[in-house]
Amino acid sequence: DRAASEGRRWMTYDPAELENAEWKMSLLARLDQAVEHGEIWVAYQPKVEMATGRIIGAEALARWSHPEKGEVPPSQFIPAAERSGRIENLTAHILDSAVAATASIHRAGHTDFSIAVNLSARLLDSPSLLTMVADTLARHAMEPRHLILEITETTAMTSQDGIVQALEKLSASGVRLSIDDYGTGFSTLDYLKRIPADEIKIDRSFVSMLEKSQSDRIMVHSTIQLAHSLGRRAVAEGVENAVVLNELRLMQCDYVQGYFTGKPMKFSALMETLPSLEKRAIA
Ligand code: C2E
Ligand code: MG
Ligand code: MG
Ligand code: MG
């Protein structure tokens, strides 16, 4: 009977799912090697200040140029790296690349440029996180205030004491914190109050609906107002056109990020566009 039910279960196995599992296994097997071989690189998406139209920073986004599979998006390997204990090594690599890049942007004269790096929630438990961040900044002689760590709301909202303490230590070290994908988790006002975040980054699912949905417009507007009332800055992600940008300007959103103001790009492309984009005021 048991065998029969297992047989049935096997029969219902989706071949596409199995293939997907195998694909993820094969990716994982090569992940450490990929870091060593320099296949993992960082794309930079400009972050624009609404009031001036200046690029005031960028978000570092992990990319994997796989020799056989081509460009693998982070959604395919970040969660797997988290589950398999490889996220610390991967983050150390991404953080180092991003901080090194920012140091050279500073040397090129853009001395206020800040870099946002995504931090997996799991790393907030790691006893070496604080040292990893401090060592990376020291290695490139970069001030902590130029680094923003983005933490997704789903993690932050759990509001466990350990997580709050880890975030408080990071904040005390001078690094800035951002609550990423805001609105998609199960946030409580309590956690917004407890977490020492400098900015709230409104998820693109709300931002992209601004034109069409009155309720999304209300959500975005009140989130910006809430952020300001708490003394935080508001960032909108996923700004894809001028209509949305203009709505956000009327709502006094502080910063915008999206395909309209700049797609994620290679470091060399960022360096080339930085001066021209800085002149192209959107305000
Ligand atoms: P995220 O941190 O919310 O990053 C924003 C995502 O939205 C990026 O996708 C970006 O390319 C995309 N995006 C930006 N502007 C637009 C737009 O106007 N329209 C649309 N449709 N999309 C836009 P990406 O690069 O695929 O990254 C996906 C997620 O993977 C990130 O979401 C982040 O959670 C995670 N991730 C990326 N790099 C890292 C990393 O180094 N460490 C960790 N832990 N997670 C990372
Ligand atoms: Mg992010
Ligand atoms: Mg985000
Ligand atoms: Mg998002």
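Indexing begins at 1, ligand by ligand and atom by atom, following the structure's order.
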List the steps and the verdict of side-chain contact (heavy atoms from CB on, under 4.5 Å) for W64 and R30. CA-CA 11 Å; W64 184 352; R30 283 204 76 253; 4.0 Å; yes

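Residue contacts with ligand 1, taken as heavy atom pairs separated by less than 4.0 Å, involve R204 solely via side-chain atoms from C-beta onward. Contact annotation: for N118 versus ligand 1, heavy atoms closer than 4.0 Å belong to both the backbone and the side chain. Proximity of D180 to ligand 1, defined as any heavy-atom pair under 4.0 Å, is confined to the side chain (atoms from C-beta onward). At a heavy-atom cutoff of 4.0 Å, ligand 1 is contacted by the side chain of E237 but not by its backbone.
Polar contact with ligand 1: present for A62 (N/O pair, distance under 3.5 Å). Here's the thing with T152: none of its N/O atoms is less than 3.5 angstrom from an N/O atom of ligand 1. Residue S75 has no nitrogen or oxygen atom sitting less than 3.5 Å from a nitrogen or oxygen atom of ligand 1, judged on distance alone. Inclusion of E59 in the set of residues having an N or O under 3.5 Å from an N or O of ligand 1 is warranted. At under 3.5 Å, a nitrogen or oxygen of E240, whether backbone or side chain, sits near a nitrogen or oxygen of ligand 1.
Here the OH-CD1 distance, from Y255 to I202, works out to 13.5 Å after rounding to the nearest 0.5 Å. Distance check: T102 OG1 to L147 CG gives 8.0 Å after rounding to the nearest 0.5 Å. The distance from atom CG of L31 to atom CD1 of I40, rounded to the nearest 0.5 Å, is 5.5 Å.
Counting non-hydrogen atoms of other residues, nucleotides and ligands closer than 6.0 Å to NZ of K69 gives a total above 12.
Nearest heavy atom pair, residue D203 against residue E237, reads OD1-OE2, 3.0 Å. Minimum interatomic distance between Y44 and S97 (heavy atoms only, all atoms of both residues): OH-O, 3.5 Å. Closest non-hydrogen pair, K47 versus Q257, comes out as CA-CG, 4.1 Å.
Within E237, the N/O/S atom positioned nearest the Mg ion (ligand 3) carries the name OE1. Atom OE2 is the N, O or S atom of E59 at the shortest distance from the Mg ion (ligand 2). Considering just the N/O/S atoms of D181, the one nearest the Mg ion (ligand 3) carries the name OD1. Sorting the N, O or S atoms of D180 by how far they are from the Mg ion (ligand 2) puts OD2 first. Nearest N/O/S atom of E150 with respect to the Mg ion (ligand 2) is recorded as OE1.
With a cut-off of 2.8 Å, the Mg ion (ligand 2) has an N, O or S atom of N118 in range.
Relative to atom 24 (P) of ligand 1, the option among P74, A98, P79 with the closest non-hydrogen atom is P74.
For ligand 1, the atoms lying closer than 4.0 Å to a non-hydrogen atom of P264 are 11 (O). Close approach of ligand 1 to Q45 is summarised as follows: ligand atoms under 4.0 Å from at least one heavy atom of the residue are 14 (C), 15 (N). Counting the atoms of ligand 1 from 1 in the order shown, those under 4.0 Å from a heavy atom of I94 are 41 (O). Atom numbering of ligand 1 starts at 1 in the shown order; those under 4.0 Å from a heavy atom of D181 are 3 (O).
Residues S178 and E150 bring no donor and acceptor atom of their side chains to less than 3.5 Å of each other. Side chain to side chain, R122 and S120 fail the donor-acceptor criterion of an N or O pair below 3.5 Å.
Remark: distances from the non-hydrogen atoms of R63 to ligand 1 include one below 4.0 Å.
Of the charged side-chain nitrogens involved, none lies within less than 4.0 Å of a carboxylate oxygen, so that R176 and D198 do not count as a salt-bridged pair.
In this structure, P46 and M265 have side chains that are in contact, with non-hydrogen atoms separated by less than 4.5 Å.
Between the side chain of T273 and the main chain of L270, a donor-acceptor pair closer than 3.5 Å is present.
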